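The structure under discussion appears below in the form of structure tokens.
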Amino acid sequence: MPMPSSRTRAVSALVLAAGLLVTVPATAAHAAAETQATKPATQAAAVHSCSYRSTVGYTCDYYYGTETISEGSSNAAAVREIQDIINVHTDYPILLSVDGSFGSHALAAVEWLQSHHHIAGGADGVVGGHTWDYLRR
């Protein structure tokens with residue numbers, strides 16, 4: 001097999017180098033785009049950590065009290081606590097937004113929970129002592 005000429009070797013080396021120069025930035029750009037595309041999904045999948053504390057009971061660390069909370073409540077921390085505990089610690093079939101707003105979705109979830117788990121006081125949608133006891137158990 002004849003040896004390639006120096007011109008052929010030079011052109012081959014140039015083509016190879018050009019291919020690497022084109023490929024490397026494209027690969028880096030692709031990796032950066034992939035990272036950006038997966039980053040929001042990772043953040044969205046993050047779940048707030050809830051745990052049991054001997055002094056409070058089950059908590060998601062938004063609120064430690066047991067103030068009576070009802071629809072339209074301005075205590076956003078308590079409402080977030082209720083929403084997150086319902087999401088993480090109960091069998092309620094619909095995921096609530098943990099936004100601190102006690103609106104119709106949170107009301108329906110509380111009423112469902114009170115009704116399906118026979119919480120004393122009935123399904124009135126008010127998170128009082130009995131409902132807090134159930135959520136914190």
Side-chain angles (χ1 to χ4, degrees):
M1 176 174 238
M3 182 89 162
S5 71
S6 60
R7 177 182 269 182
T8 303
R9 287 194 307 264
V11 170
S12 295
L14 186 59
V15 168
L16 179 61
L20 288 176
L21 291 174
V22 170
T23 303
V24 171
T27 302
H30 176 70
E34 187 174 302
T35 301
Q36 289 297 324
T38 57
K39 188 174 181 181
T42 304
Q43 289 173 344
V47 175
H48 191 264
S49 177
C50 301
S51 61
Y52 185 84
R53 294 179 186 241
S54 62
T55 56
V56 178
Y58 197 78
T59 181
C60 297
D61 296 323
Y62 293 106
Y63 176 76
Y64 302 108
T66 57
E67 172 187 333
T68 298
I69 304 295
S70 59
E71 187 175 22
S73 173
S74 62
N75 189 338
V79 174
R80 275 190 214 91
E81 182 81 0
I82 294 163
Q83 292 166 329
D84 213 0
I85 290 175
I86 288 173
N87 284 343
V88 175
H89 194 58
T90 73
D91 56 347
Y92 186 63
I94 300 168
L95 191 64
L96 295 173
S97 290
V98 181
D99 58 7
S101 173
F102 199 126
S104 60
H105 296 290
L107 177 64
V110 169
E111 288 174 342
W112 182 92
L113 188 74
Q114 291 169 328
S115 173
H116 282 78
H117 293 280
H118 310 289
I119 296 173
D124 60 1
V126 176
V127 181
H130 296 297
T131 305
W132 275 119
D133 287 346
Y134 182 83
L135 291 170
R136 300 261 192 226
R137 66 169 172 75

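Here the structure is a predicted model, which means the values were calculated and not measured. Just the heavy atoms: all of them, side chains too, but no hydrogens, waters or symmetry mates, feed the values below.
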message = Give me each pair satisfying salt bridge (charged side-chain N to carboxylate O under 4.0 Å, His left out) with a member in residues 91-118, each pair once, sequence neighbours excluded.
response = none

task = Specify the closest pair of heavy atoms between P93 and W112, including all atoms of both residues, with the distance to one decimal.
result = CD-CZ2, 3.9 Å

Validation: residues 50-57 side-chain donor-acceptor distances under 3.5 Å, sequence neighbours left out:
from : atom 1 : to  : atom 2 : distance (Å)
R53  : NE     : D61 : OD1    : 3.1
R53  : NH2    : D61 : OD1    : 2.9
R53  : NH2    : D61 : OD2    : 3.1

ask   = What is the distance from atom CD1 of I82 to atom CG of N87, rounded to the nearest 0.5 Å?
value = 12.0 Å

request  = Heavy atoms only: give me the nearest A109-L96 pair and the separation to one decimal.
outcome  = CB-CD1, 3.7 Å

request  = Report the hydrophobic cluster partners of L95, with the cluster defined as I, L, V, M, F, W, Y residues connected by side-chain heavy atoms closer than 4.5 angstrom, directly or transitively.
outcome  = none

key: Pairs where residues 98-137 contributes a residue and the test disulfide bond (SG atoms under 2.5 Å apart) is met, not counting sequence neighbours   = none

message = Return the CZ to OG distance between R80 and S97, rounded to the nearest 0.5 Å.
response = 12.0 Å

Nearest-0.5 Å distance that lies between atom SG in C60 and atom CD1 in I86 = 10.5 Å

message = Atom NE2 of residue position H89 - does it have more than 12 heavy atoms of other residues, nucleotides or ligands inside 6.0 Å?
response = yes

With a 3.5 Å cut-off and sequence neighbours excluded, list the donor-acceptor pairs that the side chains of residues 119-136 form with protein atoms.
from : atom 1 : to   : atom 2 : distance (Å)
D124 : OD1    : Q114 : NE2    : 3.3
D124 : OD1    : V126 : N      : 3.0
T131 : OG1    : Q114 : NE2    : 2.9
W132 : NE1    : E67  : O      : 2.8
Y134 : OH     : H117 : ND1    : 2.9
Y134 : OH     : R137 : NH2    : 2.7
R136 : NH1    : Y58  : O      : 3.0
R136 : NH1    : E81  : OE2    : 2.7
R136 : NH2    : Y63  : O      : 2.9
R136 : NH2    : G65  : O      : 3.1

task = Please list, chain by chain and in numerical order, all residues satisfying ring pair (Phe, Tyr, Trp, His ring centres under 6.0 Å) with Y64, sequence neighbours excluded.
result = none

